[in-house]
Amino acid sequence: MGTRLAPVTDAAKSASVDAPRPRILVLDGHSMAFRAFYALNYENFYTDKGEFTNAVYGFTSMLLKMIEQREPTHVAVAFDLSGPTFRSEEYEEYKGGRDATPEPFKGQIEMIEQLMHALNIPTISMEGYEADDIVASVSSQGQAAGFDVIVVSGDRDAFQLIDDHVTVLYPKKGVSDIPAMDADAVMEKYGVWPANYPDLAALVGEKADNLPGVPGVGPKTAAKWINLYGTSEQVLEHADEIKGKTGENLRAYADDVRRNRKLNALVRTLELPVSFEDMELGAPDAQELDALFTRFEFKTLRKRVAEVFAVSAEPVEQVEVPEVQLLADAAALGEWFAAGAGAVHALAVQIEQPDGALPGAPGDVASIALAREGATAWVDPTELDAAATAALEAYLADAAAPKVLHDAKAALKAFAARGLTLEGIVDDTMISAYIDQPDRRSDDLADLVQIYLQESLEEEAPATTQGELALDLDHTASRQAAARRADAVRRLHEVLAPVLEQNGQTPLLRDLELPLSRVLVDMEAAGIAVDVARLDELIADFGSQMEQAKEAAYAAIGHEVNLGSPKQLQVVLFEELDLPKTKKIKTGYTTDAASLQELLEKTGHPFLAALMAHRDASKLKQTVEGLRKAVAEDGRIHTTYAQTIAATGRLSSLNPNLQNIPVRSEEGRRIREVFTVGEGFETLLTADYSQIEMRILVHLAQDEALIQAFKDGEDLHRFVGSHVFGVEPEDVTSAMRSKVKAMSYGLAYGLSSFGLSKQLNIGVDEARTLMSDYYKRFGAVKTYLSGVVEQAHKDGYTETLLGRRRNLPDLKSDIRQAKDAAERAALNAPIQGTAADIIKVAMLKVQARLEGAELASRLLLQVHDELVLEVAPGELEAVTALVEEEMGSAMELSVPLDVHVGVGTTWHAAAH
DNA sequence: GCCGTTACGTA
DNA sequence: CGTACGTAACGGCG
């Protein structure tokens, strides 16, 4: 048998299980960075400034994975230095014959070191020694100090470190497949125990280190010898006993073997410049990290780092949740609610989606967890008898019983589908958090709990995998998890409510967003009817248009090409056809519509026209196909409105998005013809605000002339044109009108003279003159716009008329691009946001009037400045009047809010 | 299957 | 080198 130096006894095994040891992850940074470099093509990883980042990316990604999977408490990374080591002093040819460092790799080690610094992970390098020696020292000394150690190295010499408390992760290929090697794995693979691995390597040799071994001796032979005699030295002592050519070789190369063994022994006794305490995982330096990720242009990793370190950086204790009371009958329910009368309850409603349901479908209520201060409970509404059901329903419908939810809209929808009412909602933490930070992209309760409560919210009860017994047969764990969520919602509310109050945003929540959720529930439930047959016709129609355009395109170039692939198009346009180069993008030159149009005008090449026709038809086909798939069993399309996504306060629409149905092109408008009035209703009605953003701008700027123009109901663009160009209104030409129109629209976006010139196809000088003439004539607008940016710089946020804020931290950015973009966002946010405020108010008022008058007509869609309603028979006159009134009076501005109403049996027809 | 990129529809 | 969104296809990674 071989020499196994530290046999594992049963006692040792159970001891190590009983007392969990802290765990160090120590990496050979250099070898792993190199692995990453060769695993990922550097041509795909470079920044705008031309820095290559593939090794940094791969290394970081691998590190995060290790931290996630192995959950170390401590981490350190070792690096080589460039100078001589004791090994090269000893043996000049050590690691000789290696190729020069590839150019794109240079600098990436420094970048990794900077990143580690930002993550508060110590990097260690020591003169005269290699990273592997540092790893060995951390490993041996750490093991002795009571740590479990995980070594990550691309060098097989690390195997000698393996023992009961030391595991080596050695990459098989690239940086994605890094299996753990323990003693058994080494034995399995090489036939020797880890302690003898260097003996084996000494005999076989290591090509990568330029250490030749005994000719004719491979791992199999070496392992056989080691298992017979012991160490490599002991093998040499018995060299005489080995017959044949290999025996001869062994005797001839004995010195080489001794040299190899000396050089591949890792040094475990280095005096490390870093203490174990320093290696403990802590919070990263957020600013430093941010700067590096921006420089490296890492987006996904930024998120992953946030995730990984939010958890492992601050292992916050799970907050104790009061024992879950099971509310299984009327008595239990009665007792629970009696004891908590008047208290705010948080509800975590678990909703189940039936298989095959369309994304927007309401889902069913599977359970409700409740939490109030000091108590939690859980109830399955489907398992209750009549008396208990009545008790629960009475509570849910009790407007005097204050409730807090996270994503109340989803719950309301599910309740409504069961015919239940949910009243008394005083907060929706998803919306509160959105009002506080409208830019944050995640609505996830766990993320918000992390941000606002600095806790980690446990995941749902662990899923049982195949072949494993379910451990939660009585659902205790899942009930506890649900109660934990409810309790988190309750405490989130306690944190958020004062924040909103402080910022004067309680009315925005209470009087606008919360009631709006209910309106949206109704709109989503209503959906809009579609003519499926027309939809299918359009699919076929656009399909044949695509086919035609495709044929024409192929004919124009004499071969086939994937017209949907920008990459392939670049080859055709700029290599084969050698057309003039367009605007540069990351992957070469753009093939976007504007550029294709330009190219067509310049060259008249028939391929371009065919390509553009194909693009148009394909886009339209894709739109109608998406709609076709979204038609529910009731023949209607039910979109979902996202109330907490858009940073400005707008709604967004998804699954499908009904806020981007084509309208500008004739062909596109045909799609609007498939949206029809539903059965039992008389007509569709559209009502849209005319020029609402311009009106808001004028109101905010208090420009007297423009206020008057709106009050007089003048043609705004004609009016502005006459002033800017100094002519009578009737002498404003259509060219003049379209110029000031573009300018006016561009104002609220921070349009530059360059942008304006591009859009109008005029010189930059002319654009600049136009802008200055505009501002000269309407000075208040300019004063307002620069004031907004100034104020935003001062406060760090912008505000709408209803107090909706948008934080703009990038205003302080040192990066020009980021700062400029933030300034444009600052210009736009109050205007777009106020428009959002206004139409939201209007929706509430319209809904209230419809309900108050007991009309059957209903709101169906909102498209930012437009509402679509379905009008019941005989109600057209009343509905038209109330919609005009309520939209027009949604907010009192210095200018009138003009509303344009149209009626028709299709959305298209109603738009007139 | 995930993710970034490109392109494009709306206000 | 104009804001705010959502969706889809492609292609490189896994």
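Keep in mind the model is a prediction, meaning the values are calculated, not measured. Protein chains get the first letters and strands the later ones, always in sequence-line order, with residue 1 at the start of each. Keep in mind that the numbers below use all heavy atoms, side chains included, and drop hydrogens, waters and symmetry copies.
Nucleic acid contact class of Ile585(A) (heavy atoms, under 4.0 Å, all strands): sugar-phosphate only. Within 4.0 Å of Ile645(A), counting heavy atoms only, lie sugar-phosphate atoms of the nucleic acid but no base atom. Residue contacts shown for Arg816(A) are absent, as no nucleic acid heavy atom lies under 4.0 Å away. In this structure, Thr591(A) reaches the sugar-phosphate backbone alone: every heavy-atom distance under 4.0 Å involves primed, P, OP1 or OP2 atoms, never a base. Nucleic acid contact for Ala642(A): none, since no nucleic acid atom lies under 4.0 Å from a heavy atom of the residue. Among the protein residues, Leu658(A) comes within range of no part of the nucleic acid, since none of its heavy atoms lies under 4.0 Å from any strand.
For the pair Ser753(A) and dC1(C), the criterion of a side-chain N or O lying under 4.0 Å from OP1 or OP2 is not met. Residue Arg664(A) has no polar side-chain atom (N or O) positioned under 4.0 Å from OP1 or OP2 of dG9(B). Neither OP1 nor OP2 of dT10(B) sits under 4.0 Å from any side-chain N or O of Ser653(A). Look at Lys758(A) and you won't find any side-chain N or O under 4.0 angstrom from OP1 or OP2 of dG2(C). Not one side-chain nitrogen or oxygen of Arg824(A) sits closer than 4.0 Å to the OP1 or OP2 atom of dG2(C). Regarding contacts with the backbone of dC5(C), every side-chain N or O of Thr648(A) stays at 4.0 angstrom or more from both OP1 and OP2. Checking the phosphate oxygens (OP1, OP2) of dG6(C), a side-chain nitrogen or oxygen of Ser652(A) falls inside 4.0 Å. Remark: Arg650(A) is not in phosphate contact with dA11(B), judged by side-chain N or O atoms under 4.0 Å from OP1 or OP2. Under 4.0 angstrom from either OP1 or OP2 of dG2(C) there lies at least one side-chain N or O belonging to Ser752(A). OP1 or OP2 of dG11(C) has at least one side-chain nitrogen or oxygen of Gln568(A) nearer than 4.0 Å.
Comparing dG2(C), dG9(B), dT6(B) against the side chain of Pro662(A) picks out dG9(B) as the nearest. Taking every side-chain heavy atom of Ala646(A) into account, dA4(C) is the closest of dA4(C), dC8(B), dT3(C). For Asn655(A), counting side-chain heavy atoms from C-beta on, the closest listed nucleotide (dT10(B), dA4(C), dT7(C)) is dT7(C). Which of dG6(C), dG2(C), dT6(B) sits closest to the side chain of Leu654(A) comes down to dG6(C). Listed candidates were dG9(B), dC8(B), dT6(B). Nearest to the side chain of Ala593(A) is dC8(B). When the nucleotides dT6(B), dC8(B), dG11(C) are ranked by their closest atom to the side chain of Asn562(A), dG11(C) comes out on top. Side-chain proximity of Ser565(A) to the nucleotides dA11(B), dC10(C), dA4(C) is greatest for dC10(C). The side chain of Asn657(A) lies closest to dT7(C) when the candidates are dT7(C), dT3(C), dT6(B). Closest to the Asn828(A) side chain, of the nucleotides dG9(B), dT3(C), dG6(C), is dT3(C). Comparing atom distances between the Lys619(A) side chain and each of dG9(B), dA4(C), dC10(C) picks out dG9(B) as nearest.
Looking at every heavy atom in both residues, Gln759(A) comes nearest to Ala742(A) through NE2-CB, 3.7 Å. Of all non-hydrogen atoms in Val883(A) and Ala687(A), the two that sit nearest each other are CG1-CB, 3.4 Å.
Across the strands present, dG2(C) finds no partner; the criterion is a Watson-Crick or G-U wobble pair with both atom distances under 3.5 angstrom. When both pairing distances are held under 3.5 Å, dG1(B) makes a Watson-Crick or G-U pair with dC13(C).
Distance OG1/Thr60(A) to CE/Met62(A): 8.0 Å, rounded to 0.5 Å.
Put simply, OH on Tyr749(A) is 12 Å from P on dG2(C), counting in whole angstrom units. In this structure, the CG atom of Leu569(A) is 10 Å from the P atom of dC8(B), given to the nearest Å. When rounded to the nearest whole Å, the span between CD of Glu667(A) and P of dT10(B) equals 13 Å. Atom CD of Gln832(A) and atom P of dT10(B) are 16 Å apart (whole Å). Atom CD1 in Ile637(A) sits roughly 18 Å away from atom P in dG6(C) (whole-Å rounding). The separation between Arg615(A) atom CZ and dG9(B) atom P is 10 Å, rounded to whole Å. One interatomic measurement links the two molecules: CG of Leu827(A) to P of dA4(C), which rounds to 11 Å at whole-angstrom precision. Between the C1' atom of dA4(C) and the CG atom of Asp837(A) lies a distance of 14 Å, rounded to the nearest Å.
Exactly one residue among Asp795(A), Asp439(A), Asp436(A) makes a salt bridge (Lys or Arg N to Asp or Glu O under 4.0 Å) with Arg806(A). That residue is Asp439(A).
You'll find a donor-acceptor pair under 3.5 Å spanning the side chain of Asn660(A) and the base of dG9(B), going by distance alone.
A cation-pi arrangement is found for Arg805(A) relative to Tyr797(A), the charged atom lying closer than 6.0 Å to the ring centre and inside a 45° cone about the ring normal. A cation-pi arrangement is not found for Arg650(A) relative to Tyr641(A), the charged atom failing to lie both closer than 6.0 Å to the ring centre and inside a 45° cone about the ring normal.
Side chain of Gln659(A) to main chain of Ser653(A): a donor-acceptor pair is present (N/O by atom type, distance under 3.5 Å, no hydrogens or angles). Arg695(A) contributes a side-chain N or O that, together with a main-chain N or O of Ser690(A), makes up a donor-acceptor pair within less than 3.5 Å.
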